[in-house]
Amino acid sequence: MSDLLVNLNPEQLQAVTLPPQHALILAGAGSGKTRVLTTRIAWLVQTGQVDPQGVLAVTFTNKAAKELLARLSAMLPLSFNRSARGMWIGTFHGLCNRLLRAHHRDAGLPQLFQILDSGDQLAAIKRLLKALNVDDEKFPPRELQHFINGQKEAGLRPHAVEAWDDYTRHRVELYIEYESQCQRESVVDFAELLLRTYELLERNEPIRKHYQQRFRHILVDEFQDTNKLQYRWLKLLADAGRDGAAKLFCVGDDDQSIYRFRGADVGNMRDFEREFHVGNVIRLEQNYRSHGNILDAANAIIRHNAGRLGKNLWTERGAGEPIRVFEACGDLDEARWIVDEIQSLVRDGMSRSGIALLYRSNAQSRVLEHQLFSSGISYRVYGGLRFFERQEIKHALAYLRLIANPDDDTAFSRVVNFPTRGIGARSIEALQDAARTWNSSLYAAVPHLAGKPGTVLAQFVRLVEDLRRDTAKLPLPELVDHVLDASGLRNHFRNEKEGQERLENLDELINAAANFVAEAGVQADAQDMAHALLADFLAHASLEAGEHQAEAGSDAVQLMTVHSSKGLEFDAVFLSGLEEGLFPHENSILETEGLEEERRLMYVAVTRARQRLYLSFAQSRMLHGQTRYNLRSRFLEEIPEGLTKWLSPLNPRTSAVRSGFGGYYQPSRGGVVAKAPEQPVSRSRDLGGLRVGQLVTHAKFGQGVIVAAEGSGADARVQINFGAAGVKWLMLAVAKLDPA
DNA sequence: GTGAGTCCCGTTTTT
DNA sequence: CGGGACTCAC
């Protein structure tokens, strides 16, 4: 047991061995957060302070849950591993799903209820609007989806929403309709999983008491990412901190809270500290990832935020190399430089997979990909379609869902005419009318239809019924296989020109089913359970969308947004596009809250790097089909000068633009690369010595970049982007502009 | 019911 | 500029 605790630093040790009490662990980037979490659980179990079934550990992603479990089983002796099954480890949504399946009757749900992912939910909302004849210009489906999810995450059912205007009153009406549609179809969206579970626990005393007594220790990962409802959910399980209830052990980092836009509320950390009377907040500030310069930069940046809980990262490693800053003429030059630099790193022996290219928004990846591609460097982009979100997989799942639950109109609509079987928009409309008349699902309305539509639709219903009957005793993988053939999906893609990959994905779905069965540890002879197991598999598919198109194994440079880089680390990190408007993003610049979140994002980006950090920006950049001239990011200015090394030809920190420069700097090693970069702009126009792209100073508005010009002579006007002061047109003859 | 043509829009994303 | 959603004509 004692070897569990060796090699922990004093703060980690303190956190791990805390007596049973509510605790808040402020875990900085790279401070061994997961280690503390797993060791804490192992220590509690091994010292006999808690039975495995008294442990509840909550994470945000399936990946984190899996890692927790894997590291935990590596720590515990085998005898404990068997009982480790008694622990509940999973995501908020996964655990809610489990609770709702166990108590579906009390929660007012059929046992085989289906889960809508965001795409399914959007489709359901569109269908609803169409059925109610609502103008989707006035009520954009996406906006409505956001509204409904927002209310649910605030714990509000329609009747509890305060409708402050006509528009909202109307949206509440639609919220009501949406709820009854979901109930009729036996489907549950992500927010509903949470809210439904919360209400179940709140209203059903025996069930609440049962879980309150069962769980003795509740551990929460990434606590800064919890939303209001999730926090209330935790409070309920911990009986608001009353004596004898579970102890909450929350680990998080307020400086890495970057999901405010989807409801995460850092305020939960402060609230938790207050409401649970957390005496001493433990800070994990020793960083095991990065060199000193990188941490100093990160500390300096984040210091500009107000209202932090406070934390300063440090390391025992040396200062390391300076942070390299590069100023490029255009986005293309920036990309070229990055690729040159990568090639040099790889020549020096760094593995490609140890190198990351980070950017604020996905649109920026294009130039980088193009450059990498033409240089023949293998790379991998995160963020594409995920396995269970692929069209062909969605179709296959829709058939499977109809087997488990024919009232699922979303699934019905998706495949009723796919592959095409002559069921057109007219037939569907007639069917929808019938369904409305009989207040039933589309599937159940089919027998009420007469005429030709009735006949073809009845054939489809028969197909689904045959599928259900023929698969009732099949093991899951064979069940899936059978459906792929009998539905005609395989045939359809076999005849399609580009269908090969889709066919392979369909086969992969069978593998996924096989893996699911293996991991679930179900006996192969549990035949009569085929459809119950199917429902579990479908829930799994909704809750875990699968890998982000992983081509694991190959040694490739990693491209991703700063958001998706959270939690990862790399030997070398390139952060590109450090420009006002891009990073910080223009939509977030105006309000402090938004700007501070951008700064936390910057903090996350910087702390991903182990050894080398490269920061770059471009004077001009192609965005939305036009060239933009941005000021360099304020975040660059927040890094102390001593930590950086500017790789630009001109002096650091003097000008953002150089005139008539023809060659370019040296990569961090090797000689000068002679290249002729495109000049950002050189429209011949008499601007009294000024050029588009040039940095100028105005007495009132401060520094800005000239972004456009028109007229000449006495009429000449220039448009200048002053950053915070806005974008303005100024008459050259009147405005006093000085080259900066 | 499919395919070409057109229009619109444009952070970040997990479950 | 480029992708996605939508429309209109066969």
Side-chain angles (χ1 to χ4, degrees), chain A residues 58-65 90-97 115-123 126 136-137 140-142 145-146 149 152-153 188-195 197 221-222 225-227 229-230 257-264 331 358-367 369-370 382-386 388-389 391 417-428 496-497 539-548 560-567 577 581-589 594-595 597-598 600-602 604-605 621-628:
Chain A
V58 197
T59 64
F60 269 86
T61 63
N62 293 295
K63 199 174 147 203
T91 63
F92 278 101
H93 293 85
L95 296 167
C96 286
N97 176 51
I115 299 169
L116 301 183
D117 66 22
S118 350
D120 299 331
Q121 185 189 26
L122 188 62
K126 284 181 179 165
D136 59 3
E137 299 266 287
R142 286 195 167 282
Q145 181 182 29
H146 184 77
N149 291 340
K152 289 190 182 183
E153 277 162 22
V188 163
D189 62 47
F190 286 140
E192 185 72 25
L193 280 173
L194 261 303
L195 183 52
T197 311
D221 190 20
E222 306 277 17
D225 286 339
T226 48
N227 65 31
L229 183 57
Q230 286 160 340
S257 161
I258 56 175
Y259 288 111
R260 194 174 71 107
F261 69 92
R262 67 175 196 218
D331 45 358
L358 307 184
Y359 33 80
R360 172 69 239 264
S361 58
N362 287 304
Q364 290 166 251
S365 74
R366 179 176 306 259
V367 219
E369 285 186 65
H370 180 79
Y382 280 67
L385 263 197
R386 304 164 79 195
F388 287 109
E389 289 166 356
Q391 196 206 118
N417 196 34
F418 191 96
T420 50
R421 37 179 81 90
I423 299 170
R426 307 166 304 285
S427 310
I428 297 302
E496 207 181 62
K497 295 178 288 276
H540 166 81
S542 300
L543 290 172
E544 181 163 8
E547 284 293 306
H548 255 314
M560 66 190 83
T561 62
V562 179
H563 278 94
S564 18
S565 77
K566 199 176 105 176
L582 257 184
F583 198 3
H585 194 273
E586 52 195 350
N587 297 355
S588 311
I589 277 176
L595 185 64
E597 179 135 324
E598 295 285 312
R600 292 193 290 269
L601 205 45
M602 178 74 184
V604 167
R621 175 177 303 275
M622 196 63 153
L623 198 66
H624 305 327
Q626 54 184 2
T627 310
R628 307 209 333 182

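Below, chain A is the first sequence line, B the second, and so on; all start at residue 1.
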Original post:
Any donor-acceptor pair under 3.5 Å between the side chain of A:T91 and the base of B:dT14?
Top reply: no
**OP:** Please list, chain by chain and in numerical order, all residues satisfying side chain to side chain donor-acceptor pair (under 3.5 Å) with A:E192, sequence neighbours excluded.
**Re:** A:K152, A:R157, A:R196
**OP:** Write down the distance between CG (A:D221) and P (B:dT15), rounded to a whole number of angstrom.
**Re:** 13 Å
Between the protein and nucleotides 2-9 of chain B, are there any N/O to N/O pairs under 3.5 Å, and if so, what are the atom names and distances?
none

**OP:** Could you tell me whether B:dT11 is syn or anti, where syn means a glycosidic angle within 90 degrees of zero?
**Re:** syn
Original post:
Between A:L194 and A:Q230, is any pair of side-chain heavy atoms under 4.5 Å apart?
Top reply: yes
Subject >> For A:E586, all residues meeting salt bridge (Lys or Arg N to Asp or Glu O under 4.0 Å), sequence neighbours excluded >> reply: A:R628
Original post:
What residues form a salt bridge (Lys or Arg N to Asp or Glu O under 4.0 Å) with A:K126, not counting sequence neighbours?
Top reply: none
**OP:** Can you tell me, in whole Å, how much space there is between the C1' of C:dA5 and that of B:dT12?
**Re:** 22 Å
**OP:** Would you please name every residue forming a salt bridge (Lys or Arg N to Asp or Glu O under 4.0 Å) with A:R621, sequence neighbours left out?
**Re:** A:E334, A:E579
**OP:** Quick one: list whatever passes side chain to side chain contact (heavy atoms under 4.5 Å, CB included) with A:S565, sequence neighbours left out.
**Re:** A:L358, A:M560, A:V562, A:V604, A:R608
Original post:
Between A:A191 and A:G424, which has a closest nucleotide on DNA chain B that is more 5'?
Top reply: A:G424
**OP:** Output all residues satisfying ring-ring contact (aromatic ring centres under 6.0 Å, His included) with A:F60, sequence neighbours left out; order by chain, then residue number.
**Re:** A:F92
Subject >> Integer-rounded Å distance: B:dT13 C1' and A:K63 NZ >> reply: 14 Å
Original post:
Tell me, do A:Q364 and A:L582 make a side-chain contact under 4.5 Å, heavy atoms counted?
Top reply: yes
**OP:** Check side chain to side chain contact (heavy atoms under 4.5 Å, CB included) between A:N587 and all other residues, then give those that pass, not counting sequence neighbours.
**Re:** A:H585
**OP:** Summarise how protein sits on nucleotides 2-10 of chain C as a single string, 5' to 3': B when a protein heavy atom is under 4.0 Å from the base, S for sugar-phosphate-only contact, - for no contact.
**Re:** SS-------
Write out a two-atom table: protein N or O, nucleotide N or O from nucleotides 10-12 of chain B, distance below 3.5 Å.
unit_1: B:dG10; atom_1: N3; unit_2: A:H624; atom_2: ND1; d: 3.0
unit_1: B:dT11; atom_1: O4'; unit_2: A:H585; atom_2: NE2; d: 3.2
unit_1: B:dT12; atom_1: OP1; unit_2: A:N362; atom_2: N; d: 2.8
unit_1: B:dT12; atom_1: OP1; unit_2: A:N362; atom_2: ND2; d: 3.2
unit_1: B:dT12; atom_1: O4'; unit_2: A:R360; atom_2: NH2; d: 3.0
unit_1: B:dT12; atom_1: O2; unit_2: A:R360; atom_2: NH2; d: 2.7

**OP:** Rounded off to whole Å, could you give me the CD1-to-C1' distance for the A:I115 and B:dT15 pair?
**Re:** 9 Å
Original post:
Any Lys/Arg nitrogen of A:E369 or A:R366 sitting under 4.0 Å from an Asp/Glu carboxylate oxygen of the other?
Top reply: no
Original post:
Looking across every strand, which nucleic acid part, if any, lies under 4.0 Å from A:N62 by heavy atom: base, sugar-phosphate, or nothing?
Top reply: sugar-phosphate
Subject >> Nucleotide B:dT15, atom C1' - distance to CD of A:E389 in whole Å >> reply: 11 Å
**OP:** Could you pull out all residues at least two apart from A:E544 that satisfy salt bridge (Lys or Arg N to Asp or Glu O under 4.0 Å)?
**Re:** A:K66
**OP:** Please report, rounded to the nearest Å, how far the P atom of B:dT15 is from the CG atom of A:D120.
**Re:** 15 Å
Subject >> Separation of B:dT15 P from A:Q145 CD (nearest whole Å) >> reply: 16 Å
**OP:** Using the C1' atoms only, state how far C:dC6 lies from B:dT11, rounded to an integer number of Å.
**Re:** 24 Å
Subject >> Spacing between A:M560 atom CE and B:dT13 atom P, to the nearest angstrom >> reply: 11 Å
**OP:** Taking side chain to side chain contact (heavy atoms under 4.5 Å, CB included) as the test, write out the residues that go with A:A64, two or more places apart.
**Re:** A:T59, A:T61, A:D221
Subject >> Length of the line joining A:L116:CG and B:dT14:P, which is rounded to integer Å >> reply: 18 Å
Original post:
Can you tell which of B:dG1, B:dT15, B:dT13 lies closest to the side chain of A:R426?
Top reply: B:dG1
